[in-house]
Amino acid sequence: MGFIETKNWIVDKEREIVPQIEEAAMWIRENEVVAFPTETVYGLGANAYSEEAVAKIFQAKGRPSDNPLIVHIASVVQLERLVDEIPLHAKILIDAFWPGPLTLVLNKGEGIAENVTAGLSTVAVRMPDHPVALAIISEADLPIAAPSANVSGKPSPTLAAHVLSDLNGKIAGIVDGGPTGVGLESTVLDCTTEVPMILRPGGVTREQLEKVIGNVVVDPALEDDGQAPKSPGVKYKHYAPQAKLFLVDGTAAFLQEQVENAKAAGKKVGVLTTIEGVPNYQADVVLPSGTATDLATVAQHLYEVLRKFDEYDLDVIYSETFSEEAVGKAIMNRLTKAAGGDVIKEQL
Ligand code: TXA
Ligand code: MG
């Protein structure tokens, strides 16, 4: 694929439709791919009705073609065309959580490009809670298929600079609306079964969902490596920094012991902690992701920190673990994947 000049449109997310957004929307209507901010991470968008446009997403990201995309909409009217029917529990969830970081998997309708859903009979849809994303979708007047705007396997982008570092020269443009909010991707919920099932934990927690619709189950494959996950994307190695990452389940002293051992073996070592944890470690690089007193801030900065480690040419990174309460579930899901499942547990 040849180099294309990637346009960079900077927008103020508090302002109404601006010429930059009109231009970005025009490129999407022309079946080109454009990155834009959402409240979770940056997405890489294309016309969900065009096989040709959607193919450009897979090519730019190097994404396996069996991994389906999320379709982004700005109104419930758009949803009616995309899906076969909207079951009652989905309607209730839409009222409660859209726009927001909740993706619903529903039986698909007609018209949507086959490669968006990787040939599945279902389609994943969400309405992002970000004025720039909503303005682009409305202005393009199309449902927009958009995965996270990173090269496949890398942490998702929470800053426009992350998108550029991965995709400059490979996409038509990027709308820079500043840092995203949640920092981790949306929760993916399969609504095609009687009891909805979480396929990927994310910005909306199981507790929040259950408050609104009662019983929700979690794909057993998320807890057990032996099983095939229902969400194709979940099986791929993801979010990983260049250095080998280990999660350390234990005290700060035990984590520091791992650091000492690695240093003794001549390795360059990083530590991932929170602001409060920084003084506990002596390593080549110690980076905090948010504050221990608020897991939402850990989520917000996690991908930025994972990418930051790549600047230091480290051999190994040891990360603290986090409570799996609320958004902690999504944090631990991403960290466990980034570590390829390698957890060092302190024997007490
Ligand atoms: O927050 C987000 O969800 C971000 C922003 C850009 O909206 N998007 C995102 O997209 O994370 P992506 O492509 O990186 O992740 C989509 C996930 C994958 O795990 C994929 O397998 C799953 O959703 N998915 C998509 N369609 C599906 C379907 N029909 N059935 C099951 N899983 C599906
Ligand atoms: Mg992704």
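Every number for a ligand or one of its atoms is a count from 1 in the order of the listing. Residue numbers start at 1 and run along the sequence shown.
The shortest heavy-atom distance from Arg63 to ligand 1 is under 4.0 Å. Distances from ligand 1 to the non-hydrogen atoms of Thr117 include no value under 4.0 Å.
A donor and an acceptor atom, one from each side chain of Ser148 and Glu185, are nowhere located under 3.5 Å apart. For the residue pair Glu257 and Tyr318, no side-chain donor N or O sits within less than 3.5 Å of a side-chain acceptor on the partner. Donor-acceptor pairing under 3.5 Å is recorded for the side chains of Ser186 and Thr103.
In this structure, Lys91 does not pair ionically with Glu80, as no charged nitrogen and carboxylate oxygen lie closer than 4.0 Å. Using a 4.0 Å cut-off between charged nitrogen and carboxylate oxygen, Arg307 and Glu304 do not count as a salt-bridge pair. Salt bridge Arg29/Glu22: absent, no basic N to carboxylate O contact under 4.0 Å. Ion pair Lys154/Asp166 flagged as a salt bridge, since at least one NZ, NE, NH1 or NH2 atom sits closer than 4.0 Å to an Asp/Glu carboxylate oxygen. Between Glu207 and Lys211 there is no salt bridge, since no side-chain N of the basic residue sits under 4.0 Å from a carboxylate O of the acidic one.
Checking Val259, Asn280, Val278 one by one against Val286, the side-chain contact (heavy atoms from CB on, under 4.5 Å) holds for a single residue, Val278. Shown are Ile171, Leu167, Val163, Val34; of these, the side-chain contact (heavy atoms from CB on, under 4.5 Å) with Thr6 is made only by Ile171.
Listed by number with element, the atoms of ligand 1 under 4.0 Å from a non-hydrogen atom of His72 are 5 (C), 6 (C), 7 (O). In the vicinity of Leu199, heavy-atom distances shorter than 4.0 Å reach the ligand 1 atoms 31 (C). Taking every non-hydrogen atom of Leu120 and a distance limit under 4.0 Å, the qualifying atoms of ligand 1 come out as 28 (C), 29 (N), 30 (N). Annotation for ligand 1: atoms under 4.0 Å from non-hydrogen atoms of Leu69 are 25 (C), 26 (N). Listed by atom number, the atoms of ligand 1 under 4.0 Å from Thr40 heavy atoms are 1 (O), 2 (C), 4 (C), 5 (C).
Residue-environment remark: CH2 (Trp27) stays at or below the threshold of 12 foreign heavy atoms within 6.0 Å.
No N or O atom of Thr38 sits closer than 3.5 Å to an N or O atom of ligand 1. Geometrically, ligand 1 and Ser231 share a nitrogen or oxygen pair separated by less than 3.5 Å. Where the criterion is an N or O separation shorter than 3.5 Å, residue side chain and backbone included, Arg200 meets it with respect to ligand 1. Backbone and side-chain nitrogen or oxygen atoms of Ser148 are examined, and one is located within less than 3.5 angstrom of a nitrogen or oxygen of ligand 1. Considering backbone and side-chain N/O of Arg126, one or more are found under 3.5 Å from N/O of ligand 1.
Note that CE of Met197 is 4.0 Å distant from NZ of Lys230, once rounded to the nearest 0.5 Å.
Residue Thr122 touches ligand 1 through backbone and side chain together, judged by heavy-atom distances below 4.0 Å. No part of Met127 comes within 4.0 Å of ligand 1, judged by heavy-atom distances.
Nearest residue to atom 6 (C) of ligand 1 from Gly43, Ala149, Pro37 is Gly43 (criterion: closest heavy atom).
Regarding atom 20 (C) of ligand 1, its nearest protein heavy-atom neighbour is Asn67 OD1, 3.3 Å. Of the protein's non-hydrogen atoms, the one nearest atom 16 (C) of ligand 1 is Ile70 CD1, 3.6 Å. Scanning all protein heavy atoms for the shortest distance to atom 23 (O) of ligand 1 gives Val188 CG2, 3.8 Å. Considering only non-hydrogen protein atoms, atom 27 (C) of ligand 1 sits nearest to Pro68 CG, 3.4 Å. Considering only non-hydrogen protein atoms, atom 3 (O) of ligand 1 sits nearest to Ser186 OG, 2.5 Å.
Annotation: side chain of Thr158 is not in contact with side chain of Pro179 (no heavy-atom distance under 4.5 Å).
Not one N/O/S atom of Ser156, from backbone or side chain, sits under 2.8 Å from the Mg ion (ligand 2).
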